[in-house]
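Since the structure comes first, as structure tokens, the remarks are kept for the end.
When a residue number appears, it is its place in the shown sequence, counting from 1. None of these values were measured; they are calculated from a predicted model.
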Amino acid sequence: WSIADASQTGLDFTGDFSFLCWIRNSDIVSSQKVILNKSYAGYSWRITGSGLSKLEFASTEITADVTGLLVDTIYHLAVVLDVTADTVKYYVDGALTTTVTGVTATPTGNAAAFEVFLAGDTGYSAMGAASNVGDLDEVVLFARTLTLTEIQDIRSNGIASFIAAPAAAAAAAPVRRKLRNMMGVGL
């Protein structure tokens, strides 16, 4: 699904940001699985068939190796851009897996649609028209850097607990989630 001209809805990130989601791949041989996209000039986050998590903005591609992701296994993924520190950090299941340093590019605002790609969706031709096979859930975007503790809190307790009561959420027991296809569900 998509939101036309996402610059009107607060999705034009031009500085720090954090993107998080739950993902289950049913197939890892497709060329790319797009998680979210707002054109390459804005930002794009995807997983390739070769096991790389790719964040792209301002025509700069920042990759991290996530080849350990297994088919039909649920993972919590996060990517954090810190413009001040010139870093992009990748997390899998609440653990920091890769830190890319020397990232000096920043996303630019644009009038492109914001798109979340779900099971069966196909990315546009610049991304190789890859079909997503699997599920996404709780796609969350922040216009700031999240800390490791905050990412772990969201993973363990869900975004509603994080937003409603951060202190209470940190003490809450983890809840079991069943992924659902977000088709038609707003952010």
Nearest-0.5 Å distance, [atom1] of residue [X] to [atom2] of residue [Y]:
X      : Y      : atom1 : atom2 : value
Ile159 : Asp137 : CD1   : CG    : 12.0 Å
Thr73  : Arg24  : OG1   : CZ    : 9.0 Å
Leu77  : Arg155 : CG    : CZ    : 10.5 Å
Ile62  : Thr87  : CD1   : OG1   : 10.0 Å
Thr106 : Phe17  : OG1   : CZ    : 9.5 Å

With the side chain counted from C-beta on, respond yes when [X] and [Y] share a heavy-atom pair under 4.5 Å apart, and no when they do not.
X      : Y      : result
Tyr91  : Leu20  : no
Thr145 : Thr84  : no
Val83  : Leu81  : yes
Cys21  : Leu36  : no
Arg144 : Leu146 : yes

Taking the six-membered ring for Trp, are Tyr43 and Phe19 closer than 6.0 Å centroid to centroid? yes

Closest heavy-atom contact between Phe57 and Ala105? CE1-O, 3.0 Å

Is any side-chain N of the basic residue among Glu61 and Arg46 closer than 4.0 Å to the acidic one's carboxylate O? yes

Sequence neighbours left out, what pairs pass ring pair (Phe, Tyr, Trp, His ring centres under 6.0 Å) with at least one residue falling in residues 140-159? Phe142-Phe162

List the atom pairs, with distances to 0.1 Å, where a side-chain N or O of residues 93-104 and a protein N or O form a donor-acceptor pair under 3.5 Å, not counting sequence neighbours.
| residue | atom | partner | partner atom | Å |
| --- | --- | --- | --- | --- |
| Asp93 | OD1 | His76 | N | 2.8 |
| Thr97 | OG1 | Tyr90 | O | 3.1 |

Tell me every residue that passes salt bridge (charged side-chain N to carboxylate O under 4.0 Å, His left out) with Asp86, counting only those two or more places apart in sequence or in another chain. none

